[in-house]
Amino acid sequence: MIAQDASRFQDLRRIQTNIAQQVVLEGPAGAVTSIGAVAQSFADDLAFSCAILVDASMNVIDEATAIAKTTVPYIPGLLFFREGPVAMAAIKKLRKRPDVLIVSGCGINHPRFAGLASHLGVELNMSTVGVSQETLCGDYVEPGEACCFTRLTFKGRPLGFVLKTVTGARPIFISPGHRISLQCALQVVQRCVVNHRLPEPLRLAHVKARHFRSATRSGQLAPIRTADTAGRPAHNQ
DNA sequence: GCGACAG
DNA sequence: ATCTTGTCGC
């Protein structure tokens with residue numbers, strides 16, 4: 001079965017190479033008014049996702065969740081295939097698509113230039129930016145004090161930025177996902193930094209995803225239909 | 001071959 | 001990512 005996995009993963013890598021060719025590093029066209037974020041939480045073989053939309057003051061104005069059974073283990077470089085499906089389900093449940101969606105993971109700072117944020121952006125045809133606490137690849141100089149940032153490069157290409165958001169905390173990695181420029185990706189995240197290491201929308205999405213997971217597992221939430229898992233339109237709440 | 005490796 | 005108590009600091 002090891003050999004089968006190897007060829008299966010090879011197929012997934014080919015899919016990423018194809019996705020990378022579709023990534024657009026420009027945009028968004030208009031002003032970025034609404035910003036959203038999506039994050040996942042896991043337990044056993046279940047994946048819980050929460051997508052939110054915030055206003056200019058970082059207040060949550062919309063929220064959606066989704067659950068799905070995981071079909072792929074965590075493999076560095078193949079995160080989309082584990083987290084992408086649930087994330088997409090949650091994002092699709094939002095009442096309105098945000099102008100830019102912040103994703104918990106890498107954008108083009110990926111071995112094949114197709115991280116979770118880029119793949120989600122291409123699949124959903126929306127502007128996305130990847131924000132991660134570590135980077136899969138790339139060269140950079142550690143940014144000094146808070147609010148400072150340095151460039152992240154890989155194989156001679158600019159992939160994003162390393163931003164020190166809070167004093168005393170390690171920096172975060174920002175890279176465009178899809179339909180967004182390097183500069184805009186950085187600006188959107190900078191605009192969302194409040195008092196924490198992660199930009200507020202993403203931090204909130206993380207908290208809500210974890211809460212959604214614990215509330216669901218402890219039975220404090222209405223039973224979830226298996227519709228999510230089957231990929232059919234789900235209807236929670 | 002060796003090490004590194006988003007969440 | 002997740003498992004987890006106390007603890008240091010603003």
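Residue-level contact check: A:G77 touches the bases, meaning some heavy atom is under 4.0 Å from a base atom. At a threshold of 4.0 angstrom between heavy atoms, the contacts of A:Y74 include nucleobase atoms, whether or not backbone atoms are also involved. Among the atoms of the strands shown, base atoms are found under 4.0 Å from some heavy atom of A:L78.
For A:S181 (side chain) and A:C184 (main-chain N/O), a donor-acceptor pair under 3.5 Å exists by modelled atom type.
Counting to the nearest Å, the P atom of B:dC5 and the CG atom of A:D139 are 13 Å from each other. The OH atom of A:Y140 sits 12 Å away from the C1' atom of B:dA4 (whole-angstrom rounding). A:I67 has its CD1 atom 17 Å from the C1' atom of C:dA1, to the nearest Å. Atom-to-atom, CG of A:D45 to P of C:dT2 comes out at 15 Å; the value is rounded to the nearest Å. Atom CZ in A:R197 sits roughly 8 Å away from atom P in B:dG7 (whole-Å rounding). If you measure from atom CG of A:N195 to atom P of C:dC10, you get 14 Å, rounded to the nearest angstrom. Whole-Å rounding puts the A:Q40 CD to B:dG7 C1' distance at 9 Å. Between A:I75 atom CD1 and B:dA4 atom C1' the separation is 15 Å, expressed in whole Å.
At most 12 non-hydrogen atoms from other residues, nucleotides or ligands lie less than 6.0 angstrom from NZ of A:K155. Within 6.0 Å of atom CD in A:E26, 12 or fewer heavy atoms from other residues, nucleotides or ligands are found, so the atom counts as exposed in its surroundings. Within 6.0 Å of the CZ atom in A:R97, the count of heavy atoms belonging to other residues, nucleotides or ligands exceeds 12.
Within the 4.0 Å cut-off from OP1 or OP2 of C:dT2, at least one side-chain nitrogen or oxygen of A:S41 is found. The side chain of A:R213 places an N or O atom within less than 4.0 Å of a non-bridging phosphate oxygen (OP1 or OP2) of C:dT2.
Across A:E83, A:H206, A:R82, a single residue satisfies side chain to side chain contact (heavy atoms under 4.5 Å, CB included) together with A:Q40, and that is A:E83.
Here B:dA6 is the nucleotide among B:dG7, C:dT2, B:dA6 with the atom lying nearest to any side-chain atom of A:C106.
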